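Just so you know, these numbers use all the heavy atoms, side chains as well, and skip hydrogens, waters and symmetry mates. What you see is a predicted model; the values in this text were computed from it and never measured.
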Amino acid sequence: MATRSSRRSFLQSSCGAAAAVAASGSLAALRAAGPVHQGGGTLRIGVVGIGGRGSGATVQAVKAHKGNVLWAVGDAFVDRLEGGIEGVTETLTEAGLQGQIQVAKERRYVGLDAIDQVLATGVDAVVLASPPGFRPAQIERAVQKGVHVFAEKPVATDAPGVRRVMAACDLARQKGVSIVSGLCYRYHDGRRAVVQRLQDGGVGEILAMQGNYITGELWSFERQPQWSELEWQMRNWLYYPWLSGDLIAEQHIHTLDVMAWIKRDVYPVACSSLGGRQKRTAPKFGTCYDHFATIYEWEDGARGYSYCRQQDGCWRDVNEYVFGTEGKANVFQHTITGKNEWRYAGKIRDMYQNEHDEMFAALHGGKRIDNGDYMCKSTLMALMGRMAAYTGKRVTWEEALNSKETLVPDRLAWTDEPPRHEVPIPGITRFV
């Protein structure tokens with residue numbers, strides 16, 4: 001897919017600087033992360049991208065600890081900013097937590113540079129819920145500032161972005177900065193229990209896994225006359241690969257992450273994939289596919305069969321199934337059948353709240369939490385499947401990791417045109 005870069009920037013590449021600091025080996029050159037606030041201290045939380053999922057994550061972050069306060073908020077659009085803050089305020093007030101809302105008028109920012117403005121207010125932790133194409137630059141800047149990060153999934157939409165986040169996570173480890181991922185299935189009590197059983201041999205040797213995220217269409221917005229092409233794409237970001245990564249990365253990544261988790265975070269060595277657009281072909285759906293069917297290959301011979309679809313009026317299933325030499329597992333139902341019959345009977349807390357509870361319990365308790373490795377690799381696993389479907393090629397892990405295809409412009413301003421992409425055609429679209 002051909003990419004046309006735009007002219008000006010809020011996405012300044014700083015990988016080189018981060019790598020140079022890391023290579024120096026001088027921890028004295030790195031500013032320590034914000035103080036760990038034990039014993040009733042306050043953690044100031046910033047949010048970038050408070051519309052949609054961002055508002056839910058904001059509420060959960062504030063509710064996670066009585067010492068958390070909402071301090072600064074940024075969004076690309078004023079209506080999303082105001083609506084998000086209003087909704088968050090209403091929800092937290094109903095919960096009796098209005099005292100934890102301290103986002104003064106002068107700490108509310110609109111624009112493509114909102115990340116810089118939010119970080120400049122002295123926040124201790126930041127919730128990143130903008131479109132995923134912006135995530136690498138945002139994570140990088142937060143870590144450089146010594147700010148703890150909660151990052152929604154995926155963390156990039158192309159391989160250069162994944163590599164950039166990997167470098168930022170390395171720097172976070174040196175600086176003592178926590179990185180928590182929005183891959184929320186890992187914070188689900190039932191899934192944790194069944195995955196542990198599977199890792200302990202609950203179905204014997206794992207031969208195959210089937211992962212489904214087969215669901216209906218998601219939201220979309222009709223284009224308004226006053227919107228530029230860039231604003232149109234950003235408001236309808238699900239349907240543009242440079243912003244979302246396509247549905248295999250933006251949504252199906254949850255399923256793929258569970259498959260890798262079951263394999264003890266050993267990732268597949270290659271994959272092949274089928275995909276396309278059958279039903280979701282109107283202009284408002286951009287250039288993304290509406291279905292993928294991908295075969296992931298592990299070095300030990302195991303296979304992962306992954307299916308995702310976003311089409312209304314069709315059969316739906318969101319689950320993972322595991323087949324082994326001694327039985328099989330239904331991950332969503334938290335059951336194992338066969339030689340080692342088992343069913344999870346424990347409590348199941350809200351996984352979205354749980355990921356924030358664990359993050360802020362760690363920070364307030366003087367501990368570091370690090371989801372960086374799997375959030376990067378599960379993102380790459382999803383992008384590898386997309387690369388295989390778009391090109392019609394079998395793609396290896398190393399090829400995907402080293403791909404030079406850059407979807408996100410280095411520079412972007414409201415007066416710019418967004419990247420232009422054609423709908424990928426397998427066998428014609430080249431692997432880059």
Show the numbers, then the answer: is there a salt bridge (Lys or Arg N to Asp or Glu O under 4.0 Å) between K377 and D265?
CA-CA 9 Å; K377 290 178 179 176; D265 291 326; over 6 Å; no
Is the centre of the W237 ring less than 6.0 Å from the centre of the Y239 ring?
no
For atom NZ of K328, is the number of surrounding heavy atoms from other residues, nucleotides or ligands below 6.0 Å larger than 12?
no
Would the number of heavy atoms belonging to other residues, nucleotides or ligands and lying under 6.0 Å from OH of Y352 be above 12?
no
Indicate yes or no: does [X] engage [Y] in a salt bridge with an N to O separation below 4.0 Å.
| X | Y | value |
| --- | --- | --- |
| R191 | E320 | yes |
| K153 | D257 | no |
| E358 | R192 | yes |

Qualifying residue for side chain to side chain contact (heavy atoms under 4.5 Å, CB included) with W242, from T406, T287, L407
L407
Evaluate E140 against R163 for salt bridge (Lys or Arg N to Asp or Glu O under 4.0 Å), listing each step before the verdict.
CA-CA 11 Å; E140 184 178 81; R163 297 193 296 268; over 6 Å; no
With a 3.5 Å distance limit and no angle check, can you tell me whether R135 reaches the backbone of P154 through a side-chain donor-acceptor pair?
yes
Quick one: do R141 and D116 satisfy salt bridge (Lys or Arg N to Asp or Glu O under 4.0 Å)? Show the steps, please.
CA-CA 8 Å; R141 291 181 181 194; D116 295 319; 2.6 Å; yes
Pair D158, R164 - check salt bridge (Lys or Arg N to Asp or Glu O under 4.0 Å), show working.
CA-CA 10 Å; D158 55 28; R164 191 174 181 179; over 6 Å; no
